[in-house]
Structure formats: C-alpha cells, structure tokens
Amino acid sequence: IRLARAFILLVCIAQWTLTSLIRARSGNSVYRAYMNDAERIAQYHACRKGLADNVIVEGVHAFKHASRFGARFEEVLTMDTERVCALMADIADEGDVAVVKRFTQQVDPELFHALAPHAMRTGLVARARRPPEITLDACDAHKPIVVLEDPHDAENVGASIRVAAAFGAGAVVVTGTTRPWHANCIRASAGLHWALPVLSAPSVDALMGTRPLVACDADGESLYARPVPPHALLVFGTERHGLTESTKQRADRIIALPMQ
C-alpha cells in the first residue's frame, strides 16, 4: 500500500513538473488542460459568453494577433495541425507557425464542431485567459478613449475594437449589455482585444468628469474644424439610433466625421 501511495505521489509530481516546464518555456504560457469531451464542450460554451475568466479565440487571424499581443492560452485545438500551419504560414511569420506546431492539440472534427462551430473554416480554436480589467484612470493619459454607447451587435463591437487598435486608441469602453469579451467580438476584432484595454461600463454617465467628452454625431461640427483633445473620450452611438440626447447634451463638444 505504501509503495502504491508513493507511486501515485511520484506521478502527481511528474505531471505538475511537466505542466510547469511547458508554462515556463512558452512565451504565451500555453499548456494543455486535460478533461473529458463533455466537460470541455460545456466549458467552451460557457467561455464563449465572455463572462468567465477564460475566453474563446476562434480562427487563425484572431489567434495570431492574440498571441503576438501576449494572450495567455490555456488550450489550443485544431482538426488538422498541418493544414492550420499552412494557413498560418500564409498570413504570419515563422514564429507564429512555431507556436501552432508546438502547442496545438489535434481533435476529431466532430468534437471540434461541438466546441467551435464558427471556427470550422480555419480549424483552430483556443481558450485564453481574459486579461485583468483595469480602470479608466490606468489607461494612457495621452491617447483618446473610444466609447461605444450601448451597441447591440457583438460583431460591430469587435470591428470597432479592431479599428481603435489600428489608430492607436488608449482603450475601448463598451457601455450597456453587450459583452465585449464574447467570442463573436473577439473573432470580429481579429484578436486585437489584447492590443489595448477593453473595458465595460454601465453607461456613459459613469465616465463623466474623467476626460473631455467628445460626442460623434452627424449634426456636429466637422472633425477638421479645430483640434480634438488627444486624451478625449470619443463617444459613438448605437447602430440604428446613434447617441442618446442626454449624452449629446452633456458632451463638451459634438463633432461629425465627414463622409462622401
């Protein structure tokens, strides 16, 4: 009995040591979690909603950007490692391909479809740690903050995060009930959630007084009329109705984006 207990203890120590080594040698702290299929499916479906400590990253583009900006992956799955590596080689560099080769776990297509039905085309899905949410005060004081007032479409939120990251915003704040860390948002942002802070707030009112509030509305003055404060809150309204009247009334300035 003592020998059996000692053997079990040694196995546990070896497994813990192996996991620690994989964590230490990976720049992204990628390691594989071991569970049965039913548990894994339930976990992925829960994480898709964007409320848990882990979130879901679907597709090679999103994985590439998340990896480059320091995402900490708990698990990376694919239906066909060779095919995913070929796709990654077309859009990324050798370092990104090496991450896929080293840390992906290949699963059968039926399980993959159950885990990530939206990632079937590229055949890669990952479970990553959601970064700790910071306060607005901790964001870069010299960069503008993009605020989305009560958006309704998760993919529009993701596209906005992608654009905000591209032009160098200090953060994106999403008000209302749409969850910015939903898997659909992350897919639409191409994984650029990790390129800048992505925050939630109950309303624009909760942000009042922190920075100059610049409302973006078609009836405002031209963006080019005079300089916009570089650290302003740039508030954009909903897809259909635009900004609320209360936000426009409280804004320090209302600007319009000239369009052809």
Side-chain angles (χ1 to χ4, degrees), residues 18-33 43-44 47-78 81 84-85 87-105 116 119 122 124-146 148 154 157-174 179-200:
L18 177 61
T19 301
S20 299
L21 285 173
I22 293 174
R23 280 176 172 268
R25 295 182 65 181
S26 167
N28 297 305
S29 292
V30 179
Y31 74 100
R32 295 172 182 159
Q43 182 182 52
Y44 271 65
C47 291
R48 279 189 57 82
K49 299 176 182 178
L51 296 173
D53 291 335
N54 284 186
V55 295
I56 301 303
V57 180
E58 298 173 324
V60 293
H61 278 282
F63 179 83
K64 176 190 72 173
H65 288 134
S67 177
R68 288 182 177 182
F69 285 101
R72 299 172 66 86
F73 297 104
E74 301 287 354
E75 184 174 59
V76 185
L77 302 176
T78 178
T81 303
V84 168
C85 286
L87 288 173
M88 189 67 77
D90 286 339
I91 65 167
D93 57 33
E94 293 181 0
D96 299 307
V97 176
V99 170
V100 172
K101 286 182 177 178
R102 187 174 181 184
F103 296 110
T104 52
Q105 178 182 352
T122 57
L124 184 144
V125 65
R127 181 166 52 85
R129 297 183 193 179
R130 177 176 171 175
E133 188 160 309
I134 65 174
T135 64
L136 198 60
D137 292 337
C139 296
D140 194 321
H142 305 289
K143 293 183 176 181
I145 304 296
V146 172
L148 306 179
V157 172
S160 299
I161 291 169
R162 187 173 183 173
V163 173
F167 84 77
V172 174
V173 181
V174 180
R179 299 184 292 272
W181 286 92
H182 191 283
N184 291 352
C185 290
I186 297 173
R187 188 176 67 251
S189 80
L192 288 169
H193 278 61
W194 281 267
L196 76 173
V198 176
L199 317 177
S200 298

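Predicted model only: the values in this text are computed from it and were never measured.
Side-chain contact between Val100 and Phe63 is present, with at least one heavy-atom pair separated by less than 4.5 Å. No side-chain heavy atom of Gln105 sits less than 4.5 Å from a side-chain heavy atom of Val76. Residues Val99 and Phe73 have side chains not in contact (no heavy-atom distance under 4.5 Å, counting atoms from C-beta outward). Counting only heavy atoms from C-beta outward, the side chains of Arg129 and Asn54 approach each other to under 4.5 Å. Looking at heavy atoms from C-beta onward, Thr104 lies out of side-chain contact with Val84 at the 4.5 angstrom threshold.
Formation of a donor-acceptor pair under 3.5 Å by the Lys64 side chain with backbone atoms of Ala92 is not found in this model.
Atoms CD and SG, from Glu75 and Cys47 in turn, are 10.0 Å apart once rounded to the nearest 0.5 Å.
Between Cys85 and Lys101, the shortest heavy-atom contact is SG-CG, 3.3 Å. When all heavy atoms of Arg179 and Leu51 are compared, the pair lying nearest together is CD-CD2, 3.1 Å. The shortest heavy-atom contact between Ile134 and Cys139 is CD1-SG, 3.9 Å.
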Side-chain polar contacts of residues 181-200 - donor-acceptor pairs under 3.5 angstrom, sequence neighbours left out - could you list them?
{"unit_1": "His182", "atom_1": "ND1", "unit_2": "Asn184", "atom_2": "N", "d": "3.0"}
{"unit_1": "Asn184", "atom_1": "OD1", "unit_2": "Arg48", "atom_2": "NH2", "d": "2.9"}
{"unit_1": "Asn184", "atom_1": "OD1", "unit_2": "Arg187", "atom_2": "NH1", "d": "3.2"}
{"unit_1": "Asn184", "atom_1": "OD1", "unit_2": "Arg187", "atom_2": "NH2", "d": "3.4"}
{"unit_1": "Arg187", "atom_1": "NH1", "unit_2": "Glu58", "atom_2": "OE1", "d": "2.8"}
{"unit_1": "Arg187", "atom_1": "NH2", "unit_2": "Glu155", "atom_2": "OE2", "d": "3.1"}
{"unit_1": "Ser189", "atom_1": "OG", "unit_2": "Ile186", "atom_2": "O", "d": "3.1"}
{"unit_1": "Ser189", "atom_1": "OG", "unit_2": "Gly191", "atom_2": "N", "d": "3.3"}
{"unit_1": "Ser189", "atom_1": "OG", "unit_2": "Leu192", "atom_2": "N", "d": "3.3"}
{"unit_1": "Ser189", "atom_1": "OG", "unit_2": "His193", "atom_2": "ND1", "d": "2.7"}
{"unit_1": "His193", "atom_1": "NE2", "unit_2": "Pro180", "atom_2": "O", "d": "2.6"}

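Sorted by first and then second residue, the salt bridge (Lys or Arg N to Asp or Glu O under 4.0 Å) pairs with a member in residues 88-97 read Arg68-Asp93, Arg68-Asp96; sequence neighbours excluded.
Listed by chain and residue number, Val57 satisfy the side chain to side chain contact (heavy atoms under 4.5 Å, CB included) test with Ala62 (two or more places apart in sequence, or in another chain).
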